[in-house]
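What follows is one structure encoded as structure tokens, with my remarks underneath.
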Amino acid sequence: MSGPNWPSPAAADLGDVVARDGTIVAIATAQGRGALATIRLSGPEAFAVAAKCIDPWPLADRSAVLVQVRDPRSGDEVDRGIAVSYRGPRSFTGEDVVEVSAHGGAVAPAAVLAAFVHGGARPAARGEFTRRAVLNGKLDLLQAEAIGDLIDAPTGLLHRAALAQLSGALTTRISQLRESLVELEALLVYDIDFPEEDDGPIARSRVRDAATVVKAELASLLSTLPAAHVGRHGAVVTLAGVPNAGKSSLFNALLGEARAIVTDIPGTTRDAIEALIEAEPYPWRLVDTAGLRAANDLVERLGVEISARWLARADIVLLCGPTAADRAAAARAVEGRTEGKLITVRTMSDRSLADGPADRAVSAVTGAGLDQLRELVNTALADRFPRPAGDVPLILRARHEVAIAAAHRAIDQFLASWQTQSLPAPVAATHVHHAIHSLDSLIGVVDTEDVLTRVFSRFCVGK
Ligand SMILES: Nc1nc2c(ncn2[C@@H]2O[C@H](COP(=O)(O)OP(=O)(O)OP(=O)(O)O)[C@@H](O)[C@H]2O)c(=O)[nH]1
Ligand SMILES: [Mg+2]
């Protein structure tokens with residue numbers, strides 16, 4: 001076997017140029033050392049290609065079979081693994097599909113891929129499998145995007161939100177709203193068709209109420225944006241205090257590992273250190289910062305400037321210090337620098353020098369008070385980023401925000417003109433039509449090439 005003949009995964013990355021036919025093949029799993037790798041084959045010739053490479057062939061539909069994979073050019077065995085064939089349309093893409101679980105590592109998956117290419121398949125472009133699933137009606141666009149978000153999810157919250165979207169949570173909402181708008185448009189058209197009737201056959205209030213409900217639902221979807229942002233990036237929880245307040249010790253204790261350097265030398269921490277911590281209802285981006293004081297040395301001064309930046313971004317500031325005087329000094333230092341909620345933390349509660357009232361007392365040494373502090377922060381975050389009632393799905397992508405905001409704006413304009421009767425019904429109806437069009441573009445009812453290309457260019461090869 002020689003390397004240069006193998007199509008590299010990079011060669012398969014066709015960027016935005018996506019050929020839409022043919023039989024495609026890709027390694028669907030991540031590159032690198034691993035026990036198994038999955039090679040996926042899909043298209044009208046998938047079974048014909050497999051017949052040249054896989055022994056035994058054919059396979060019983062949707063059953064796992066131990067097979068030998070041969071390169072049809074050389075006749076050499078390249079690997080053995082488990083193959084499953086799916087006859088279209090009962091497959092992920094809706095086409096005939098063959099999946100082989102081969103051995104992982106650098107060589108075996110590439111050799112299996114090469115065998116299929118030599119058998120007549122071509123390397124897939126980014127997201128091409130999922131794109132076919134959308135085009136064949138197996139998934140809508142929102143579900144396809146959910147697969148991308150599921151793979152990329154940085155936190156448990158985003159993972160759950162993507163899974164809900166894959167199950168159709170957002171699709172269902174958007175389809176219901178679309179349905180309501182189509183009905184509304186029909187009401188208006190009815191009115192338009194019978195203009196000679198006195199008041200029109202449709203009560204104005206009925207139209208207004210229907211539009212108001214849709215507008216409120218769109219607004220409730222948009223209201224999830226801050227929660228989605230925090231779910232993805234973590235709520236910024238900044239540790240602040242004078243030097244030697246015990247910030248880095250608390251950072252390590254909350255993280256459960258000795259990440260930040262701790263010494264009894266004031267001014268130990270210079271750069272900000274961040275860590276993403278899973279928590280409910282939102283993950284935290286916990287940030288340890290340099291002690292706040294008028295620093296003489298340049299490095300420490302820069303550190304204090306970085307602290308100021310993290311204070312400005314903070315959702316919660318933990319004002320740390322063992323004594324009331326330390327915490328008061330910290331409070332003075334952060335004044336005017338943050339809009340985050342301030343929580344005072346009496347650190348080093350195991351030591352006798354710790355004194356004065358604080359929201360919570362903790363010891364990084366014994367672990368006392370840590371759970372209560374976590375609870376306090378989680379409650380504060382739940383207050384700061386409320387989620388609308390009724391399990392409203394999170395809006396995870398800018399594309400969704402843009403479309404939902406456009407629909408919201410259109411309904412708003414419709415309602416304004418409807419209430420003031422400033423526009424004739426047929427003209428007002430164009431706003432409703434515009435809103436429907438925006439929602440269509442979300443689900444992918446409008447098969448615009450540029451929308452599809454934009455969505456799938458961010459996918460990985462093999463998806
Ligand atoms: N007994 C006890 N000592 C602590 C506790 N937390 C911190 N210390 C000690 O206090 C000293 C300062 O702790 P650090 O965590 O480095 O303090 P800091 O606020 O990060 O200090 P700078 O980075 O210099 O601003 C170290 O000697 C720690 O071991 C605690 O809960 N109990
Ligand atoms: Mg420190």
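We count ligands from 1, going down the list as the structure has it; atoms in each ligand are counted the same way. The first residue of the sequence shown is numbered 1, and numbering continues consecutively from there.
Checked by distance only, ligand 1 and Gly246 come closer than 3.5 Å through their nitrogen or oxygen atoms. The shortest N or O to N or O distance between Thr268 and ligand 1 is below 3.5 Å.
The nearest non-hydrogen atom to atom 28 (C) of ligand 1, considering only Asp288, Leu250, Leu353, Val262, comes from Val262.
Side-chain contact check for Ser363 and Ser349: no donor-acceptor pair (N or O, by modelled atom type) lies under 3.5 Å.
Residues Leu239 and Leu319 fail the side-chain proximity criterion, which asks for heavy atoms closer than 4.5 Å.
In this structure a side-chain-to-backbone donor-acceptor pair under 3.5 Å is missing from Asp412 to His408.
In this structure, Arg122 pairs ionically with Glu128, as a charged nitrogen and a carboxylate oxygen lie closer than 4.0 Å.
Inclusion of Thr268 in the first shell of the Mg ion (ligand 2) is not supported: no N, O or S atom falls under 2.8 Å. At a cut-off of 2.8 Å, Ser248 is counted among the residues with an N, O or S atom near the Mg ion (ligand 2).
A heavy-atom separation below 4.0 Å is not found between Thr347 and ligand 1. The shortest heavy-atom distance from Ile265 to ligand 1 is under 4.0 Å. In this structure, Gly241 has no heavy atom closer than 4.0 Å to ligand 1.
In Lys247, the parts holding a heavy atom less than 4.0 Å from any atom of ligand 1 are both the side chain and the backbone. Residue Pro266 touches ligand 1 through its backbone alone, judged by heavy-atom distances below 4.0 Å.
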Yes or no on ring-ring contact (aromatic ring centres under 6.0 Å, His included) for Phe92 and Tyr86, after CA distance, side-chain angles and deciding distance? CA-CA 9 Å; Phe92 175 69; Tyr86 302 85; 9.9 Å; no
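The cationic atom of Arg40 (NZ for Lys, CZ for Arg) lies less than 6.0 Å from the six-membered ring centre of Phe129 and within 45° of the ring axis.
Looking at atom 15 (O) of ligand 1, its nearest protein heavy atom turns out to be Ser249 OG, 2.6 Å. Taking atom 4 (C) of ligand 1 as the reference point, the nearest protein heavy-atom neighbour is Met348 CG, 3.7 Å.
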